[in-house]
Amino acid sequence: MANNLRQTLLDVGFDLVSEQGFAGLGLMTIINAANATKGSFYHHFKSKENFGTILLTNYFDDHLTTLNSFLSDDSLNYQERVQAYFQHWTDEKLTEDFKIKCLVVKLSGEISGESGQMQSALNEGAEQVIRRMEEFFVEGTSSGQLNINNGYQTARTIYSLWLGCTLLSAIQQDRTYLLNAMEETLTLVK
């Protein structure tokens, strides 16, 4: 039961952070939405920042699992795997009414430049995503299906492109940015 409450707090927290951001989100809002108590929150998390760090860590764990499932799909060639993954991104990271469901995009502006745990979790998680894509690009190049000179730089460029285009799509309520990101990605991954 205790782990269920912990997960409920994280699930509710994800939804609330996706809607409201982190800094302005009151702790009691999370606690009340999860039908929890302050004591139960602090039983599972040392602080709001600890909660945010765990939220980000879990988010990246899920993100990497999804990324790995697309990149390891042997029924598709290497470029098709990248296209399938970023089509999933297009479908899942930005709702039809332009609400951001990517915690990296949502929280980057709030916590970047800070020296806290959340900044570290954000940096480490982003680096894990970039490194996984780099491995995939190196593997694809070694197999002869891709021709990428610098896997790390390409992965970093593509990840940055998608983060930025997701943000601009939300700001301007225009999915064209995501379509352009897909075109550019497929140009880079050949």
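Heavy-atom basis, side chains included; hydrogens, waters and symmetry copies ignored. This structure is a prediction, so every number in the text was calculated from the model and none was measured.
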(message) Could you report the tightest heavy-atom contact between F70 and A84, atom names first, then the distance?
(response) CE2-O, 3.5 Å
(request) Please indicate whether R156 has more than 12 foreign heavy atoms, meaning atoms of other residues, nucleotides or ligands, lying under 6.0 Å from its CZ. (result) no
(message) Can a side-chain donor-acceptor contact be found between Q7 and D11 if the only test is distance below 3.5 angstrom?
(response) yes
(request) May I ask you to check if R81 and Y78 form a cation-pi contact, with NZ or CZ under 6.0 angstrom from the six-membered ring centre and within 45° of the axis? (result) yes
(request) Please check if the side chain of T154 supplies one atom and the backbone of G151 the other of a donor-acceptor pair under 3.5 Å. (result) no
(request) Of all the heavy-atom pairs spanning M182 and Q83, show the shortest one and how long it is. (result) CE-O, 3.5 Å
(message) With heavy-atom distances below 4.5 Å as the criterion, would you say the side chains of L71 and R132 are in contact?
(response) yes
(message) Quick check on the hydrophobic clustering: are I171 and L163 connected, directly or via other members, by side-chain heavy-atom contacts under 4.5 Å?
(response) yes
(request) Of all the heavy-atom pairs spanning M133 and L67, show the shortest one and how long it is. (result) CG-CD2, 4.1 Å
(message) Are W89 and L168 connected into the same hydrophobic cluster when the rule is that any two of I, L, V, M, F, W, Y join if their side-chain heavy atoms are below 4.5 Å apart?
(response) no
(request) Enter the distance from L186:CG to E80:CD here, rounded to the nearest 0.5 Å. (result) 10.0 Å
(request) Nearest 0.5 Å please: distance from the CD atom of E184 over to the CZ atom of F86. (result) 12.0 Å
(request) Look up atom CD1 in I130 and atom CD in Q153, then write down how far apart they are to the nearest 0.5 Å. (result) 9.5 Å
(request) Find the distance between NZ (K48) and CG (L25) and round it off to the nearest 0.5 Å. (result) 5.5 Å
(request) For residues Y85 and T185, determine if any side-chain heavy atom of one lies less than 4.5 Å from a side-chain heavy atom of the other. (result) no
(message) Using a 3.5 Å distance criterion without hydrogens, assess whether the side chain of Q79 forms a donor-acceptor pair with backbone atoms of V189.
(response) yes
(request) Please answer whether the main-chain N or O of L27 pairs with a side-chain N or O of K38 as donor and acceptor at a distance below 3.5 Å. (result) no
(request) Check the angle between the aromatic planes of F51 and F45 and answer parallel, tilted or perpendicular using the 30° and 60° thresholds. (result) perpendicular
(message) Working to the nearest 0.5 angstrom, can you tell me the gap between F22 CZ and Q20 CD?
(response) 12.0 Å
(message) Just verifying a value: how many Å separate E183 CD and T176 OG1, rounded to the nearest 0.5 Å?
(response) 10.0 Å
(message) With a 4.5 Å cut-off on side-chain heavy atoms, are S18 and I100 touching?
(response) no
(request) Apply side chain to side chain contact (heavy atoms under 4.5 Å, CB included) to the pair W162 and V104, showing each step before the final yes or no. (result) CA-CA 11 Å; W162 280 88; V104 180; over 6 Å; no
(request) Determine, step by step, whether L56 and I111 satisfy the side chain to side chain contact (heavy atoms under 4.5 Å, CB included) criterion, reporting the C-alpha distance in whole Å, the side-chain angles of both residues, the deciding distance to 0.1 Å, and the verdict. (result) CA-CA 12 Å; L56 278 169; I111 62 176; 3.9 Å; yes
(request) Find out whether Q87 and T90 are in side-chain contact, i.e. whether some heavy atom of one side chain is under 4.5 Å from a heavy atom of the other. (result) yes
(message) If hydrophobic clusters are built by linking Ile, Leu, Val, Met, Phe, Trp and Tyr wherever their side-chain heavy atoms come under 4.5 Å apart, do V12 and L5 end up in the same one?
(response) yes
(request) Check whether any side-chain heavy atom of R131 lies under 4.5 Å from a side-chain heavy atom of Q128, and answer yes or no. (result) no
(request) Taking the side chain as every heavy atom from C-beta outward, state whether V105 and L94 have any pair of such atoms under 4.5 Å apart. (result) no
(request) Examine distances only and state if a side-chain atom of K101 and a backbone atom of E92 form a donor-acceptor pair shorter than 3.5 Å. (result) no
(message) Is there a path of hydrophobic side-chain contacts, each under 4.5 Å between heavy atoms of I/L/V/M/F/W/Y residues, joining L64 to Y152?
(response) yes
(request) Return yes if a side-chain donor-acceptor contact under 3.5 Å exists between E127 and N123, otherwise no. (result) no
(request) Say whether, by atom type as modelled, one donor and one acceptor occur between the side chain of E110 and the main chain of A23 under 3.5 angstrom. (result) yes
(request) Check whether any side-chain heavy atom of H44 lies under 4.5 Å from a side-chain heavy atom of I54, and answer yes or no. (result) no
(message) Would you say F98 ends up clustered with L107 if hydrophobic residues are merged whenever their side chains have heavy atoms under 4.5 Å apart, either directly or through other cluster members?
(response) yes
(request) Quick one: sort the Y59 and H63 rings into parallel, tilted or perpendicular, breaks at 30° and 60°. (result) tilted
(request) Compare every heavy atom of G140 with every heavy atom of S143, then report the nearest pair and how far apart it is. (result) OG-O, 2.9 Å
